[in-house]
Amino acid sequence: MQSDPSSSPPADASTAAAWLAASRALCVSTGAGMSAESGLATFRDVDGLWSKFNPAELATPEAFLRDPCKVWEWYRLRRARLAQIEPHDGHRLLAAWEARIPDFTLVTQNVDGLHHRAGSRRVLELHGRLDTARCIACPFQIVGLDDLGEDPRCTECGQRLRPGVVWFGEALPQSQLAAAFDAAERCDVMLVIGTSGVVQPAASLVDTALQHGARLIEINPHPSAFSGSADAFLRCTALSGLREIERHRP
Ligand code: APR
């Protein structure tokens, strides 16, 4: 069902709404743009995090080994920012859709936990969560972080704790990833919101859905790696696009 972008313009919000209303299996994939209207910076936009910070110094296992306190401080600053913001109505709309569609899966690359705070329950967090930490040496982990100090240690084995997020070069949690690809294979609509589509393996979920015959709807104010394949490309923000689709819901 993938349209040829050279032949017809992508469909609009009302068509997208009709596809979603008829969907028996929806997979939603969100990136940092989903949280932009809550006040969180994305990574690769002009004013994004990677324009201010060097990921090689803060978001790799090597960076953590080199300077764990510096890495913890950066994640502490991100958690402090997160404590000041709320999910927006777009997060809440996705949580409401979960109840309407029999087979609904929300896959996110975001580590901010805003989908959970908005009420989503069937969420696959591919890159972990800012409010978690785990031991570098044993299975111990903490969910719902308070302030852990600048170089926290595991209460089980005494080794260092690290932020419970996936860093560049690290494997994603296998169970979450397998469930995400299962959902991408099953879905009849893939809705991708607010991601540049440049980071693997999350980006391959869209290709997998398209290969299995799904329709692709994208919401993004700028073109992404997926826009040329979208059957409907709503060139707007996450909140505007989700509200527009909801407004056109048949
Ligand atoms: N609504 C929707 N999309 C938006 C908005 C908005 N208000 N503002 C920006 N965007 C879009 C941008 O156009 C861009 O396509 O969000 C996307 C953000 O892209 P990135 O900053 O690359 O974020 P993301 O795709 O989530 O990055 C993936 O890279 O650095 C790693 O682990 C990090 O999970 C992250 C991964």
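All residue numbers in this chain count up from 1 along the given sequence. Each ligand, and each atom within it, is numbered from 1 in the order the structure gives.
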Show your reasoning for whether side-chain hydrogen bond (donor to acceptor under 3.5 Å, both in side chains) applies to Ser196 and Ser224.
CA-CA 5 Å; Ser196 55; Ser224 76; over 6 Å; no
Please list all pairs passing the salt bridge (charged side-chain N to carboxylate O under 4.0 Å, His left out) test where one or both residues lie in residues 73-85, with sequence neighbours left out.
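Listed once each, the pairs are Glu73-Arg76, Arg76-Asp147.
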State whether the side chain of Thr132 and the backbone N or O of Gly164 hold a donor-acceptor pair below 3.5 Å, judged by distance alone.
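Yes; at least one donor-acceptor contact below 3.5 Å.
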For Asp188 and Arg24, run salt bridge (charged side-chain N to carboxylate O under 4.0 Å, His left out): C-alpha distance rounded to whole Å, both residues' side-chain angles, the deciding distance at 0.1 Å, then the answer.
CA-CA 7 Å; Asp188 49 43; Arg24 308 303 303 156; over 6 Å; no
side-chain hydrogen bond (donor to acceptor under 3.5 Å, both in side chains) between Ser120 and His91: does it pass, once the steps are laid out?
CA-CA 8 Å; Ser120 289; His91 291 103; over 6 Å; no
Which protein residues have a heavy atom closer than 4.0 Å to any atom of ligand 1, listed by chain and number?
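Within 4.0 Å of ligand 1, the protein residues are Gly31, Ala32, Gly33, Ala36, Glu37, Thr42, Phe43, Arg44, Asp45, Trp50, Gln109, His127, Phe168, Gly194, Thr195, Ser196, Val199, Asn220, Pro221, His222, Thr237, Ala238.
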CA sep, side-chain torsions, deciding dist, call: Glu62, Trp167, side-chain hydrogen bond (donor to acceptor under 3.5 Å, both in side chains):
CA-CA 10 Å; Glu62 296 76 15; Trp167 284 325; over 6 Å; no
